[in-house]
Amino acid sequence: MKSLPRIERKDHGFSFLLEDKAYVILGVEAHNSACTSRNYMEHVWKKARELHCNTVLAPVYWELLEPEENNYAFSMVEELLEDARKNGLKLVLLWFGSWKNGHSTYAPAWVKTDPKRFPRVKNEAGQTTKTLSLFGSELLQVEKRSFVSFMKWLKQLDDKEQTVIAVQVENELGVLETTRDFSDKAAEAFAEFDGPNEEAFMALHYAKHLDALAKAGKEVYALPMFTNAWQKEYENDRPGTFPCGGPLPEVLDIWKENCPHLDILSPDIYSFEFDKIAAAYVREDNPLFIPETRRDKWVVPYLYRSIGTYHALCYSPFGAESIGEDKSFINQKIHTNASDTNVSSPVIKDYLAQSYEMISRMMPMLTERYGSENLLGFYQEEGRSSSQFSYGNYRIRIEYYHEVNDDNAYIPGAGMLLAGGSLEDAMLFVGYGYKAYVEPLDAQKQIDFLTLEKGIITENGEFQTRMWLNGDEQHVQMEEEPTVVKVQFYEY
Ligand code: DGJ
């Protein structure tokens, strides 16, 4: 019997273990309605294969799994698993249950139409909203029963093969368009609440609901579980302009304390403040796991940064089938501006595919450095042509080849530095679109190249030399497309 996929914290960092081997999810998330159609899913499988993904993140819908109370219909998910296996892909299933994006659109009709058993959130004006309330409701009881039935069924179907490697519980939950739930029962609970504000109040109650679901689900099938958060656009955004109560940075402590059965709290990162958000989720008690991010040209540099700097366990742009396409497969609509190189350029798809392929081959090299100083990531920020960081006794200066702006098709440059361990004194630079300068921090010291090799990473995960660079070509100079360069210096 294989051991189950699990998240482990060792030394300084986290690992996602699949059959006891460290794994990084190089994924894509399908569009929301994709999994309701087996035919449509062909677009997703095709794109995931072309991109060299190892995993697809795909929703399962409470309303379709339990169309009548206590009467389940899991065949749609069975087909999903069959097709993922045929395509050699793993799955992360997203449980679209009581809440999605601050609303409750995926709850079954028998829940939506019974406000006595399942009351709604009321806003400040006392109006009923589209969001199911946590207070004075049978929701937890029925959702728990449903989630447990689903996890039981999944275990029976999949615990040998382990196609499904993790489950997201709910999606971007929280209350939208109101600062908190103002229904009578919620108001009673709020009056007794001893916390700082509305957001903390909602976070506490959502965290408890999700903890009960995750605990019950894991009791029958202990897969890694997580939930994701819609981020604020601006620091001082009013609760309700974002789903209030979701696991955002300012309420992560409340979530961690009240929802110990979720392994991970995840950010969806669409913002250009990528680093600020990513860094807020890397904590002693939480690894970075990005189930959703942009699919424009930033998808490639953010990948290198996520793995290199934040040692992420999952990276996954949203809208799998749309990556590098000029139209939507759902409604066949041509993108508003099909020539917009930021969204529809096939170059994005090529760079992501090459990067995913290279990073998959490097998996052991990368994961053995997770949680250590020996793996660093960098990328070209908007309006910048260089970046700089330190590694050990060295200062590393990166100069990028191209200016990045909305009118050109260049993908912002990005890379990673690997060192230490089996590389001994050598350094490995990977990535594209940059030149790296390595200088001693100590101004009294002088170094020069001892060896400089351009190569590839083989399917066995080893560096293989393709060219020795010397003389005029003795620079850490990457190609336009993902490259690997191994370099060793000596002091003179
Ligand atoms: C964030 C949600 O979590 C996804 O399910 C999807 O609706 C995207 N937004 C669309 O951009």
Side-chain angles (χ1 to χ4, degrees), residues 25 27-37 40-41 43-44 47-48 55-65 77 80 91-107 130-132 166-177 206 210 225-233 237 240-249 255 262 264-274 277-278 281 288-299 302 314-325 327-331 333 335-336 340 342-344 348 352:
I25 296 177
V28 277
E29 183 167 321
H31 277 290
N32 292 165
S33 305
C35 305
T36 63
S37 158
Y40 180 91
M41 277 302 286
H43 294 299
V44 177
K47 190 56 63 79
T55 306
V56 167
L57 284 75
V60 296
Y61 320 88
W62 186 17
E63 61 175 339
L64 301 181
L65 299 187
V77 192
L80 188 70
L91 284 171
V92 170
L93 295 182
L94 319 173
W95 172 259
F96 284 9
S98 292
W99 301 285
K100 167 151 194 317
N101 301 27
H103 289 138
S104 298
T105 42
Y106 291 85
K130 279 201 270 185
T131 307
L132 289 163
V167 175
Q168 178 185 296
V169 190
E170 313 292 352
N171 188 91
E172 293 190 348
L173 54 55
V175 279
L176 260 189
E177 293 131 22
Y206 280 121
L210 257 66
M225 293 190 189
F226 66 99
T227 199
N228 60 335
W230 167 335
Q231 302 296 312
K232 285 181 188 173
E233 199 172 345
D237 273 349
T241 55
F242 58 90
C244 172
L248 273 87
W255 269 88
L262 282 186
I264 306 171
L265 302 172
S266 290
D268 289 346
I269 314 188
Y270 289 93
S271 151
F272 289 112
E273 292 192 300
F274 184 84
I277 297 172
Y281 284 81
L288 182 63
F289 186 106
I290 308 175
E292 290 183 42
T293 190
R294 310 173 70 84
R295 62 173 172 272
D296 61 10
K297 64 185 175 191
W298 293 97
V299 66
Y302 290 167
C314 170
Y315 185 81
S316 164
F318 179 79
E321 56 277 33
S322 303
I323 295 172
E325 301 291 341
K327 65 169 188 308
S328 155
F329 289 120
I330 292 195
N331 52 26
K333 189 169 166 265
H335 290 165
T336 323
D340 184 345
N342 284 315
V343 289
S344 50
I348 297 168
L352 187 60

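Given the structure is predicted, the values throughout are model-derived calculations rather than measurements. Keep in mind that the numbers below use all heavy atoms, side chains included, and drop hydrogens, waters and symmetry copies. Counting convention: from 1, in listed order, for ligands and their atoms alike. In this chain, residues are counted from 1 in sequence order.
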> List the residues meeting side-chain hydrogen bond (donor to acceptor under 3.5 Å, both in side chains) with H31, not counting sequence neighbours, and say none if there are none.
S322

> Can you list, by chain and residue number, every protein residue with a non-hydrogen atom closer than 4.0 Å to ligand 1?
N32, K100, N101, N171, E172, D268, Y270, E292, F318

> Considering residues at least two apart in sequence or located in another chain, which fulfil the side-chain contact (heavy atoms from CB on, under 4.5 Å) criterion with A320?
V28, V44

> Could you tell me if the side chain of L94 sits less than 4.5 Å from the side chain of N228, heavy atoms only?
no

> List for me each residue that meets side-chain hydrogen bond (donor to acceptor under 3.5 Å, both in side chains) alongside S266, sequence neighbours excluded, and say none if there are none.
none

> Just checking, any donor-acceptor pair under 3.5 angstrom between side chains of Y270 and E292?
yes

> Using the ring of each side chain (for Trp, its six-membered ring), is W298 parallel, tilted or perpendicular to F272, with breaks at 30° and 60°?
perpendicular

